Amino acid sequence: MKNNPVVPYILILAFGIGLIFFMSLQGADNKKEIAAEHEGGGETTETTDANADGAALVQSCIGCHGNDLSGSMGPNLHGLDEAHIVEVLTKGIEGTPMQPNMKTEEEAKAIAEYISTLE
């Protein structure tokens with residue numbers, strides 16, 4: 001009885017597909033590092049990290065203040081003083097959805113720093 005000549009090709013095909021799949025997973029895990037290398041040499045600064053944290057934290061603000069934080073149900077946040085933003089996020093505003101202690105002091109500062117960069 002002879003061996004089927006198609007079997008080695010099927011095994012090679014399956015191995016190749018598996019290899020491509022696992023390599024794509026590796027690339028997906030490293031996409032932020034790869035993008036940073038292409039954009040800025042892979043170096044980050046403390047300001048960039050703070051802005052990234054603020055950008056991530058500000059996602060909870062979008063529901064009331066709009067996608068670009070220029071106002072919707074809530075007011076426009078562009079141009080507000082950082083100290084005022086920190087105060088509102090930590091102490092709240094009575095009669096509004098802005099309740100006291102919505103954010104920690106550190107989170108509030110990161111959000112305020114990010115919002116101050118918006119135009």
Side-chain angles (χ1 to χ4, degrees):
M1 206 165 153
K2 284 186 154 185
N3 289 338
N4 189 345
V6 178
V7 172
Y9 294 110
I10 292 173
L11 291 174
I12 292 170
L13 177 66
F15 177 76
I17 290 172
L19 183 64
I20 291 170
F21 175 75
F22 287 111
M23 288 178 70
S24 67
L25 288 178
Q26 179 68 25
D29 288 341
N30 296 333
K31 70 181 177 183
K32 286 185 180 179
E33 294 172 9
I34 293 168
E37 287 176 12
H38 286 283
E39 291 175 4
E43 299 173 6
T44 58
T45 63
E46 190 173 314
T47 305
T48 304
D49 291 341
N51 280 343
D53 290 344
L57 291 169
V58 82
Q59 295 300 314
S60 62
C61 307
I62 289 174
C64 295
H65 297 280
N67 287 337
D68 60 354
L69 305 177
S70 64
S72 180
M73 183 176 82
N76 181 0
L77 301 180
H78 296 211
L80 292 178
D81 180 48
E82 285 186 38
H84 176 70
I85 295 170
V86 171
E87 182 178 336
V88 168
L89 289 172
T90 55
K91 295 182 181 175
I93 300 175
E94 192 174 326
T96 71
M98 299 298 298
Q99 300 299 313
N101 301 317
M102 288 187 70
K103 301 291 181 191
T104 66
E105 187 79 22
E106 294 80 28
E107 290 172 332
K109 287 179 182 178
I111 291 171
E113 186 176 318
Y114 172 75
I115 291 174
S116 70
T117 65
L118 300 176
E119 293 180 5

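These numbers were taken from a predicted model, which means no experiment stands behind them.
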*asked:* Check whether H65 reaches the backbone of P75 with its side chain - one donor and one acceptor, N or O, closer than 3.5 Å.
replied: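 Yes; at least one donor-acceptor contact below 3.5 Å.
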_Main-chain N/O of T104 paired to E107 side chain as donor or acceptor, under 3.5 Å_ =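 Looks like yes, one N/O pair under 3.5 Å.
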*When rounded to the nearest 0.5 angstrom, what distance separates NE2 in H78 from CD1 in I115?*
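Rounded to the nearest 0.5 Å, the NE2-CD1 separation comes to 8.0 Å.
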_Rounded distance (nearest 0.5 Å) linking atom CD1 of I85 with atom SG of C61_ =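 Atom-to-atom, I85:CD1 and C61:SG are 9.0 Å apart.
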*asked:* Minimum heavy-atom separation for A108 and V86, please, with both atom names.
replied: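 The pair with the smallest heavy-atom distance is O-CG2, 3.8 Å.
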*What are the two closest heavy atoms between N76 and L69, and how far apart are they?*
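Closest approach of N76 to L69: OD1-O, 3.2 Å.
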*asked:* K109: which residues meet the side-chain hydrogen bond (donor to acceptor under 3.5 Å, both in side chains) condition with it, sequence neighbours left out?
replied: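 side-chain hydrogen bond (donor to acceptor under 3.5 Å, both in side chains) list for K109, sorted by chain: empty.
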Among Ile, Leu, Val, Met, Phe, Trp and Tyr joined by side-chain contacts under 4.5 Å, find the other residues sharing a cluster with [X] and list them by chain and number.
X	answer
L13	I17
M73	none
V7	L11
I12	none

*asked:* Going by side chain to side chain donor-acceptor pair (under 3.5 Å), name the pairs with one or both residues in residues 80-101, residues two or more places apart or in two chains.
replied: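 Sorted result for residues 80-101: E82-S116.
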